[in-house]
2 protein chains.
Amino acid sequence: MRLYSKYSRYLIAVDCIIFGYDIHEKNIKLLLIKRSFNPAKGKWSLAGGFVEPDESLDNAACRVLTDLTGLKNIYMKQLFCYGDPGRDPGARVISVAYSALIKIKDIDKELVTKNGAHWRPLNKLPDLIFDHQEMVGKALRDLCFQARIKPVGFELLPAKFTLVQLLDLYRAVYRKDIDKRNFRKKILSFGVLEKLDEKEKETSKRGAYYYKFIKSRYKKLVENGSSFNLDVG
Amino acid sequence: MRLYSKYSRYLIAVDCIIFGYDIHEKNIKLLLIKRSFNPAKGKWSLAGGFVEPDESLDNAACRVLTDLTGLKNIYMKQLFCYGDPGRDPGARVISVAYSALIKIKDIDKELVTKNGAHWRPLNKLPDLIFDHQEMVGKALRDLCFQARIKPVGFELLPAKFTLVQLLDLYRAVYRKDIDKRNFRKKILSFGVLEKLDEKEKETSKRGAYYYKFIKSRYKKLVENGSSFNLDVG
DNA sequence: CCAAAAGTGTTCGAATTACACCCATGA
DNA sequence: TCATGGGTGTAATTCGAACACTTTTGG
């Protein structure tokens with residue numbers, strides 16, 4: 001006899017909350033799509049889809065994201081599981097939300113547009129279907145929280161970046177001013193950055209030195225029990 | 001036509017990771033049951049069960065916990081969603097883990113035993129089915145983390161408790177020694193405790209003053225942006 | 001009177017905050 | 001030469017860590 005046969009079965013979906021930092025505009029954007037099927041066809045939605053029979057949840061999230069936006073190799077983490085009956089009017093669907101933070105590269109902009117997805121700035125989000133707004137809210141709170149204790153910032157910038165760019169990024173995440181000197185002192189004190197000889201000269205005459213994030217140093221830091229902690233109120 | 005009809009449907013379960021603090025033994029225990037159906041019948045397991053069609057995930061967790069252990073009105077929070085294909089050999093089951101921290105009251109001990117559940121100390125856990133060990137690990141890490149930033153401790157003690165009891169509790173959570181004077185200083189500095197005139201005289205001749213946790217003061221503290229933060233290594 | 005647990009302060013170093021001016025350069 | 005953005009240091013304060021003795025009282 002088939003096991004568990006007396007229990008109901010439901011659809012399982014994944015929804016991807018992808019935040020992208022736009023280094024030019026110095027703001028954070030959310031990746032959205034127009035839903036291509038009913039119910040709520042044509043409405044704004046997170047990139048989402050159903051889990052296949054032999055697929056882990058993590059893999060489903062990656063596949064769905066690639067299918068809908070063309071983005072590959074994005075490391076997402078599971079955020080929360082949404083399962084209220086009636087959250088999707090089409091059927092009982094339990095959705096596992098995943099989120100990630102990436103840098104918006106120019107190449108991604110094209111890719112995403114070609115696939116029919118859109119980057120929308122956080123302060124101008126359209127209405128989203130179902131409980132997607134709630135998912136985004138939770139993901140944002142999580143983002144602020146994570147940024148405090150993990151070096152998420154570096155993921156959002158190119159491999160080479162200036163300290164001013166990094167600072168602007170943190171200001172975008174926390175939506176507040178941060179003291180330049182204290183920030184530099186603190187970020188350098190972790191010893192996970194390496195100063196390059198090269199300068200970025202587009203935004204100023206003097207130019208600002210590029211730095212790069214050395215992942216191995218960060219790992220060593222964590223192993224030694226020290227914690228990366230940018231205590232930004 | 002039925003919407004989403006071409007997608008597969010799966011079982012959704014909830015699993016409850018209930019930590020209980022035993023004030024007499026000064027240790028933390030985990031609530032386990034012996035599984036009553038196949039597969040893995042008779043093996044040690046978290047309290048778990050399947051989600052009914054008209055039930056939210058949160059409600060399912062409460063119902064399942066009550067059904068299996070008799071415990072009512074336990075506030076659980078969602079922890080993580082486990083959905084690897086093959087995690088349950090009986091069928092594809094996506095399980096949402098919930099966890100809570102409670103004080104083990106003598107009355108609960110009877111209730112739990114009558115319902116066939118068991119409190120097992122953390123340092124003597126049996127092997128658990130499927131990925132339940134992994135769930136417990138994650139819940140424990142989350143517990144340590146939460147205890148740092150929220151006054152979870154007070155939930156685990158009777159309404160009246162002594163500072164020594166509270167200290168022992170934190171020592172049990174962090175499994176390390178904590179300086180008595182610094183702990184008292186810190187915990188009192190939050191201003192969320194009220195000293196009572198009454199003393200607990202069972203464990204010492206001199207007796208220790210009872211305190212109680214004033215929830216309204218804690219809420220005020222949080223509103224003012226101050227954070228409850230017991231920075232224990 | 002003594003054993004056993006409760007209660008209490010101070011000092012030191014580290015970390016965090018606040019804050020203002022000089023530097024380099026291209027236009 | 002000047003406007004623009006990059007870069008730097010110090011003093012004051014707060015916070016956390018370490019540490020040892022006195023008090024009370026039932027047996």
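Computed over heavy atoms, backbone and side chain alike; hydrogens, waters and symmetry mates excluded. Per chain, numbering begins at 1; letters A, B, ... match sequence-line order.
- Evaluation of atom-type donor-acceptor distances gives no pair under 3.5 Å for the side chain of B:K201 against the base of D:dT24.
- Taking only distance into account, the side chain of A:K185 meets the base of D:dT10 through a donor-acceptor pair shorter than 3.5 Å.
- In this entry the distance linking CZ of B:R184 with C1' of D:dG16 reads 18 Å, nearest Å.
- What separates CG of B:D177 from P of D:dA17 is a distance of 13 Å, to the nearest Å.
- Toward the 5′ end of DNA chain C lies the nearest nucleotide of A:N182, the other residue of the pair A:N182 and A:G207 mapping further downstream.
- At distances below 3.5 Å, at least one donor-acceptor pair connects side-chain atoms of A:R120 with backbone N or O atoms of A:K124.
- The aromatic rings of B:Y170 and B:F183 sit tilted, their planes meeting at an angle between 30° and 60°.
- At whole-Å resolution of the value, CZ in A:F183 and P in C:dT16 are 14 Å apart.
- For A:K180 against D:dG7, a side-chain-to-base donor-acceptor contact under 3.5 Å is present.
- A ring-centre distance under 6.0 Å is not found for A:F154 and A:F190.
- Looking at the side chain of A:S204, the nearest of the listed nucleotides C:dC19, D:dG6, C:dG7 is D:dG6.
- One atom, CG of B:L163, and another, C1' of C:dA5, lie 14 Å apart when rounded to the nearest Å.
- Across C:dA3, C:dA6, D:dG7, the shortest atom-to-atom separation from the side chain of A:A208 is found for D:dG7.
- Between B:H132 and B:F130, the two ring planes are perpendicular [angle over 60°; tilted spans 30° to 60°].
- For B:L188 and C:dG9, the CG to P distance is 12 Å, given to the nearest whole Å.
- Distance B:Y211 OH to C:dG7 P: 6 Å, rounded to the nearest Å.
- By the 30° and 60° cut-offs, the orientation of the rings of B:W44 relative to B:H118 is perpendicular.
- For the pair A:K205 NZ and D:dG5 P, the computed distance is 8 Å after rounding to whole Å.
- Counting atom types as modelled, B:R206 pairs a side-chain N or O with a base atom of C:dA6 as donor and acceptor under 3.5 Å.
- Spacing between atom CD1 of B:I178 and atom P of D:dG16 amounts to 14 Å, rounded to whole angstrom units.
- Nucleic acid contact for A:T203: sugar-phosphate only, since backbone atoms but no base atoms lie under 4.0 Å from a heavy atom of the residue.
- Side-chain atoms of B:V164 lie closest to C:dA6 of the nucleotides D:dG6, C:dA4, C:dA6.
- The base of C:dA6 lies outside donor-acceptor range of the side chain of B:R181, with no N or O pair under 3.5 Å.
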